[in-house]
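Please read these numbers as outputs of a predicted model, since none were measured by experiment. Below, chains carry the letters A, B, ... as their sequence lines are ordered, and counting in each starts from 1.
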2 protein chains.
Amino acid sequence: MNYSVVVVDDHFLLSQAIGGLVQDFKKFKVLYLCKNGSELLDKFDDKKNIPDLVLMDIKMPILNGIETTEILRKDFPNVKVLALSIEEDEYTILKMLRAGARGYLLKDTKKNILEEALIQVMEKGHYYTNTVSQILVDSLENEIDTELKEKEIEFIKLACTDMSYKEISEAMCCSYKTVEGYRDSVHKKLKVKNRIGLVLFAIHHNLFTP
Amino acid sequence: MNYSVVVVDDHFLLSQAIGGLVQDFKKFKVLYLCKNGSELLDKFDDKKNIPDLVLMDIKMPILNGIETTEILRKDFPNVKVLALSIEEDEYTILKMLRAGARGYLLKDTKKNILEEALIQVMEKGHYYTNTVSQILVDSLENEIDTELKEKEIEFIKLACTDMSYKEISEAMCCSYKTVEGYRDSVHKKLKVKNRIGLVLFAIHHNLFTP
DNA sequence: TGAAAAAACAGGGAAAACACTGAAAGAATA
DNA sequence: TATTCTTTCAGTGTTTTCCCTGTTTTTTCA
């Protein structure tokens, strides 16, 4: 019996192409393709459309991979999710795994590795490459006191523009001194030494997309 | 007779998958896949390996799509290049077209559009979507006095780190005041008002990849 | 080789960013 | 209600960035 697979990716070409690869694998068949999480969930209204495994991109419009995976884990725990993303960003990988993904395939995956990963996810329940395992280990060490508050995240996003802190304080409807407080606290938490460092951090960790 | 195609992309999965799609098209056959421009040029040493068309990604390690396309135009003018990139960035598209690409496919291309594009490139010599045409038009207006000197580009790259200008002056082996001069001149040329603005500009225009 | 242009550098002042300590107001908890 | 914790904000001083106006040195080229 074949396992059914759905590919969710906003890049049409990529999802079609990956669908084509998966279709070639003996143990798998592709049910359909989706452009984002929302479209996937709509499909699930009909039970026939619920697959064994979802190959999920992360950056997608409307409903992204992380949010979608969280919903799936809650509402459809039998559906296994394998993340498949073009860029390897530690925080994103972590978030995706926390959300419930059974593994994470990086961009330079080869066809036979994809097949191997699909098989392992279905039969062992998970698939982790060395890279991903290493990231998991590394994360346990650096994952202290980097919990950002709502306001701090809002501040960081504004700090990633060419606004001055005075302008930011007006945009956030608070005192200039409060903004300085946010700055000092995120500088400490994220261990950056100036605003440029903060911008680079935000980009690398997907708090801000330039 | 079939046109021969080579796919150049560092994302293994993507190049394999696209190769699979192209293989399905009647008029085309895939010669081989490459991971970057350097690998492609190595292959060209043997005349048998020179295809009619190259489907080229832009961001690649070692030798990127723009550089590779420039070399191809000079040394192998009969090989047509069609750019195929995941992210649509105006400046990148422009650079690629200037380098000699016959067209530019955006991420949400569908299978039949890909085929259409391949056919048009081979038979008409080019393929431009509306999006790309619009970008070409827009670019003619903003393209005044943004000629950057070597030193200024070097400065910009360093300004995209968390170094202070004093540290940058040491790295560039020149006076602090000279660095201030570079800063003032690029601020004027690029119409940015502070260092954050400069970093964002650099990222958007691929002077710096975070 | 001499004039013009470009690149490197300098001074100084205003503005912004950084770094610290600490106080007041509000929310949470027991 | 008292206590703790968090959030917001203030004071103060230092460093860095920004933005002028210039001078000296090097390059260019007619």
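For the side chain to side chain donor-acceptor pair (under 3.5 Å) test, no residue two or more places apart in sequence or in another chain qualifies with B:Glu170. Listed by chain and residue number, B:Glu154, B:Met172, B:Tyr182 satisfy the side-chain contact (heavy atoms from CB on, under 4.5 Å) test with B:Lys151 (two or more places apart in sequence, or in another chain). The side-chain contact (heavy atoms from CB on, under 4.5 Å) test applied to B:Asp46 returns B:Lys48, B:Asn49, not counting sequence neighbours.
Aromatic ring centres of A:Tyr165 and A:Tyr176 lie farther apart than the 6.0 Å criterion allows.
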**Request:** Just do the salt bridge (Lys or Arg N to Asp or Glu O under 4.0 Å) check on B:Glu152 and B:Lys149 with the steps written out, would you?
**Result:** CA-CA 5 Å; B:Glu152 288 170 347; B:Lys149 315 277 179 187; over 6 Å; no

**Request:** Do nucleotides 11-23 of chain C as a string where each nucleotide becomes B, S or -: B if the base has a protein heavy atom under 4.0 Å, S if just the sugar-phosphate does, - if no protein is that close.
**Result:** BB----SBBB---

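With a 6.0 Å radius and a threshold of 12 heavy atoms from other residues, nucleotides or ligands, B:Lys110 has its NZ atom at or below the threshold. The neighbour count for B:Glu150 CD, taken as heavy atoms of other residues, nucleotides or ligands under 6.0 Å away, does not exceed 12.
Put simply, the residue from B:Leu55, B:Asn36, B:Asp57 that forms a side chain to side chain contact (heavy atoms under 4.5 Å, CB included) with B:Asp9 is B:Asp57.
A rotation axis mapping the C1' atoms of four pairs onto the next four is fitted at both ends of the helix from C:dT1-D:dA30 to C:dA30-D:dT1 over five pairs, and the angle between these axes is 40° to 10 degrees.
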Write out a two-atom table: protein N or O, nucleotide N or O from nucleotides 5-8 of chain D, distance below 3.5 Å.
| unit_1 | atom_1 | unit_2 | atom_2 | d |
| --- | --- | --- | --- | --- |
| D:dT8 | OP2 | A:Tyr182 | OH | 2.6 |

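No donor-acceptor pair closer than 3.5 Å links the side chain of B:Thr109 to the backbone N or O of B:Leu105.
Interatomic distance, A:Ser164 OG to B:Ile196 CD1, rounded to the nearest 0.5 Å: 11.5 Å.
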